[in-house]
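Let me begin by presenting the structure, written as structure tokens, before commenting on it.
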2 protein chains.
Amino acid sequence: MTTRWLTPKEQRAWRAYMAATHLLEDAIDRQLQQDAGMPHLYYGILANLSEAPERKLRMTDLAEKSKITRSRLTYAVTRLEKDGLIRREDCQWDKRSSFAILTDEGMAVLERTAPGHVETVRAAVFDHLSAEQVEQLEEISSVIARALEGDESTPRPTADELPWRRRSSPCSGS
Amino acid sequence: MTTRWLTPKEQRAWRAYMAATHLLEDAIDRQLQQDAGMPHLYYGILANLSEAPERKLRMTDLAEKSKITRSRLTYAVTRLEKDGLIRREDCQWDKRSSFAILTDEGMAVLERTAPGHVETVRAAVFDHLSAEQVEQLEEISSVIARALEGDESTPRPTADELPWRRRSSPCSGS
DNA sequence: TAGGTTTGTTTCAAACTTTAACCAAGCGTC
DNA sequence: GACGCTTGGTTAAAGTTTGAAACAAACCTA
């Protein structure tokens, strides 16, 4: 089959999208590095933990929520543990598992830095979008995410990395 | 001033957007690593070169086009040079400058892998969007990019890294 | 319940990014 | 024409990410 190249319109959209995501991620990383001493990804890990019951999640679940590989998470948690923002705890029920838990200090850092982060996102994105555009952005993003999550044609690192592999943790929750 | 938190709608949009960009970048990286043996960024560097007159660009200009730091580019070009896809050449007029030039082999790699790349982008994005949504995406992305490019409140690494610092190269072109 | 498989996590090496110097060449000026 | 500032590019060290093992616990199943 001959290649279905992008139309000029699609190309413009694609380039604009690439530029925007690139600049945005850079800006957020800079802001968080400055104010919280960590990159966006690490901030997201803390944020994910903060929303979990007991601020506590199995490594695998946390990796899934943060949409990163487990190995990357291991490194990140090790670092954040050194900083005192997270601590680990073994799982009683499943000896293979271990929890990552947001410490009080971690929560404090999050609370202290959240306003600045939100302000950055607002200034970069939502202050410039109409209500309709916010909805459009959600719709478009959801479609793309769904397409990628449900797609197995693109080979993933390992089978258990797949986002649609929804399993409740054997020993999560209180 | 009290923090202007995100509304639920904005939050949904933000999360969807983050998930989409993350999954998308991952998928593209995997596909290109598989088929072209390099990450998206490196592919982009080659692509930028391929569009330049004589497939040739000063390092600084290439960094600017690729929206990365010069140091990052130095590393990337060194790697791509090892692979034989790029070669360097000194600038006659300005002894400080050096060019990065896409070799024939580099061009061949690009031509061989472009269809697969486009197909990935299509399958992940444009196959699922209506014509209106493509326009919306471009509009939204452009707004965000413009906001970030014109914004100096977020401190950048160094002044000469700023995207709006448009200068024509002293010795570019033929 | 022994054997093989799956699951949860970590480890390791190689690749990549960042940050802060560093160096040399141009530029301005006194 | 020497001083200082800017520009183009690289380097070095520390930090991060990746991808492929390695490992141990849990789960089959015959």
Side-chain angles (χ1 to χ4, degrees), chain A residues 22 25-26 29-30 32-34 37-42 45 57-64 66-83 88-100 155-162 165 167-172, chain B residues 22 25-26 29-30 32-34 37-45 57-64 66-83 88-100 155-162 165 167-172:
Chain A
H22 200 280
E25 197 47 27
D26 270 13
D29 264 338
R30 260 196 313 279
L32 281 176
Q33 192 67 55
Q34 176 90 56
M38 67 185 81
H40 191 194
L41 177 69
Y42 289 33
I45 291 172
L57 238 34
R58 283 194 323 153
M59 291 295 281
T60 293
D61 295 334
L62 182 52
E64 191 170 317
S66 308
K67 304 203 184 304
I68 60 177
T69 61
R70 290 176 313 231
S71 120
R72 193 176 177 182
L73 179 63
T74 294
Y75 180 90
V77 167
T78 305
R79 196 266 225 195
L80 291 169
E81 198 175 20
K82 257 181 211 126
D83 296 346
R88 288 180 215 249
E89 192 171 281
D90 288 340
C91 176
Q92 295 301 321
W93 303 270
D94 186 338
K95 295 282 186 58
R96 294 169 303 180
S97 301
S98 66
F99 287 111
R156 299 296 179 84
T158 61
D160 59 344
E161 217 86 51
L162 291 168
R165 196 190 62 96
R167 286 182 59 267
S168 61
S169 15
C171 52
S172 65
Chain B
H22 202 279
E25 196 48 27
D26 269 14
D29 264 338
R30 260 196 313 278
L32 282 176
Q33 192 68 56
Q34 176 91 58
M38 66 185 78
H40 191 193
L41 176 70
Y42 288 36
Y43 181 90
I45 291 171
L57 239 35
R58 285 193 323 151
M59 291 294 281
T60 294
D61 295 333
L62 183 52
E64 192 170 317
S66 308
K67 303 197 185 306
I68 59 177
T69 59
R70 300 200 297 309
S71 128
R72 195 176 177 182
L73 179 63
T74 294
Y75 181 90
V77 167
T78 304
R79 194 267 224 194
L80 292 169
E81 197 174 22
K82 261 183 207 122
D83 296 346
R88 289 180 214 248
E89 194 172 276
D90 288 341
C91 178
Q92 295 302 319
W93 302 270
D94 186 338
K95 294 282 185 58
R96 294 168 303 178
S97 303
S98 68
F99 288 110
R156 300 297 179 84
T158 61
D160 58 345
E161 218 87 49
L162 291 168
R165 196 189 62 96
R167 288 181 57 267
S168 60
S169 14
C171 54
S172 65

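Only this structure's heavy atoms are used, side chains among them; waters, hydrogens and symmetry mates stay out.
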Self-check item: Length of the line joining B:Met38:CE and D:dT18:P, which is rounded to integer Å
Solution: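 Those two atoms, CE and P, are 18 Å apart.
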
Practice problem: Could you state the atom-to-atom distance from CZ of B:Arg88 to P of D:dG9 in whole Å? | Solution: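 In whole Å, D:dG9 P lies 10 Å from B:Arg88 CZ.
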
Are OP1 or OP2 of [N] and a side-chain N or O of [X] less than 4.0 angstrom apart?
X       : N      : result
A:Arg70 : D:dG19 : no
B:Ser97 : D:dG8  : no
A:Tyr75 : C:dA13 : no
A:Arg58 : C:dG8  : yes
B:Thr69 : C:dT19 : no
B:Arg72 : C:dT17 : yes

Quiz item: Does the C:dT19 base have a donor-acceptor partner in the side chain of B:Ser71 within less than 3.5 Å?
Solution: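 Such a pair exists between side chain and base.
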
What distance do [X] atom [atom1] and [Y] atom [atom2] have between them, rounded to the nearest 0.5 Å?
X       : Y       : atom1 : atom2 : value
B:Lys67 : A:Asp26 : NZ    : CG    : 10.5 Å
A:Arg96 : A:Arg58 : CZ    : CZ    : 8.5 Å
B:Tyr43 : B:Asp29 : OH    : CG    : 13.0 Å

Self-check item: B:Ala76 vs A:Leu73, nearer the 5' end of DNA chain C by closest nucleotide
Solution: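 Of the two residues, A:Leu73 wins.
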
Quiz item: DNA chain D: B:Gln33 or A:Arg79, which has the more 5' nearest nucleotide?
Solution: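 Between the two, 5'-proximity favours A:Arg79.
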
Quiz item: Taking for each residue the nucleotide of DNA chain D bearing the nearest heavy atom, is the 5' side occupied by A:Lys95 or by A:Leu41?
Solution: A:Leu41

Practice problem: May I ask you to say what B:Thr74 touches in the nucleic acid, namely base, sugar-phosphate or nothing, with a heavy-atom cut-off under 4.0 Å? | Solution: base

